[in-house]
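Down below is the structure, laid out as structure tokens.
Ligands are counted one by one from 1 in listed order, and the atoms in each one are counted from 1 as well. Quantities reported herein were computed from a predicted structural model and do not represent experimental measurements.
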Amino acid sequence: MDRSYWEKVWREEDLGFHQPQVNRHLQRFWQRLQLAPEARVFVPLCGKSLDLDWLLSEGHEVIGIDLAEQAQQAVLARHSAGVRYAQQSHLHLAWQERLLFVVGDVFHLKADLLRSVDAVYDRAALVALPTAVRENYALFLAQCLKPGAQILLVAREEAARLQGPPFSVNTQEVERLYGANFAIECLAEEVRSDQVVERVFLLVRHQPWASGYLPVEAQETQAG
Ligand SMILES: C[S@@+](CC[C@H](N)C(=O)[O-])C[C@H]1O[C@@H](n2cnc3c(N)ncnc32)[C@H](O)[C@@H]1O
């Protein structure tokens, strides 16, 4: 999905993905991450999700990014006091107290910023991306996140779905994308009435040199 696809979605307010309430998996499983209240949380492809507000209410610093300026405006309308703005290359930044909302492409974020993140909350982000971009996204997160950083991932599998977004992402796909760099635990699996299987995963970035770990930058070479 290119930028023009999402621009049209936002222009036409075709926002079927937006939830009018905080995600129940987030509320149920967030405590499993055992984060300090002041921990920094990254919410990629965040839209105008109320989950940002919930994470702020837990005391976290929250960084959201979305291509859509409308998403930023909607979120800032809920956090309007004392907003400040800045531009950094292709990114439009707005921040207010513990919230930083970036308008731009997730792949333009600086690795330094993501390295400061303790946890990532991914609902409808990975599954919004087609296969090739999904691979880049998973590798990008692996390269930027520090060891020990966690990802709470809500994925959806829909066997009959050939097109997206949302795309069907099953357990094998999560393992293919993240298995080399993260420990993966499936926290919940639910079959919905519409035959969509929703799964919640907890991913933890490996510590360097743990058994089986190779840094993503490493190239295999011949001995001798
Ligand atoms: C399916 S929506 C999910 C929004 C949000 N996570 C939620 O739960 O409501 C995907 C969002 O990703 C944004 N998006 C798509 N590609 C992006 C990219 N490369 N960088 C930043 N945002 C992107 C779109 O504008 C859209 O708002």
Plane angle bin for Y178 and F182 - parallel if under 30°, tilted between 30 and 60°, otherwise perpendicular: perpendicular
Protein contact to atom 4 (C) of ligand 1 [nearest heavy atom, distance to 0.1 Å]: L45 O, 3.2 Å
Heavy atom of the protein closest to atom 19 (N) of ligand 1 (residue, atom name, distance): D105 OD1, 3.1 Å
Shortest protein contact, atom 27 (O) of ligand 1 (heavy atom only): D66 OD2, 2.7 Å
CD/Q87: more than 12 non-hydrogen atoms of other groups inside 6.0 Å: yes
Closest approach of P44 to Y121 (non-hydrogen atoms, all atoms of both residues): CD-O, 3.4 Å
Any pair counted as salt bridge (charged side-chain N to carboxylate O under 4.0 Å, His left out), so long as it reaches residues 173-195, sequence neighbours left out: R24-E190, R32-E185, R134-E173, E135-R176, E173-R176, E189-R199, R192-D194, R192-E198
Numbering as shown, the atoms of ligand 1 that approach G47 to under 4.0 Å (heavy-atom distance): 4 (C), 5 (C), 27 (O)
Those atoms of ligand 1 less than 4.0 Å from some heavy atom in F17: 1 (C), 2 (S), 3 (C), 4 (C), 9 (O), 27 (O)
Heavy-atom nearest neighbour of atom 18 (C) of ligand 1 within options L67, V9, D122: L67
Closest protein heavy atom (residue, atom, distance) for atom 20 (N) of ligand 1: V106 N, 2.9 Å
D51 side-chain N/O to N23 backbone N/O, donor-acceptor pair under 3.5 Å: yes
Closest to atom 5 (C) of ligand 1 among C46, A124, S49 (heavy-atom distance): C46
Shortest protein contact, atom 7 (C) of ligand 1 (heavy atom only): R123 NH1, 3.3 Å
Check: D53 side chain, L56 main-chain N or O, donor-acceptor pair, under 3.5 Å: no
Over 12 non-hydrogen atoms of neighbours within 6.0 angstrom of CD in Q21: yes
Heavy-atom gap W10 to ligand 1 smaller than 4.0 Å: yes
Atom 21 (C) of ligand 1 - nearest protein heavy atom and its distance: G104 O, 3.2 Å
For Y137, side-chain hydrogen bond (donor to acceptor under 3.5 Å, both in side chains) partners two or more places apart: D122
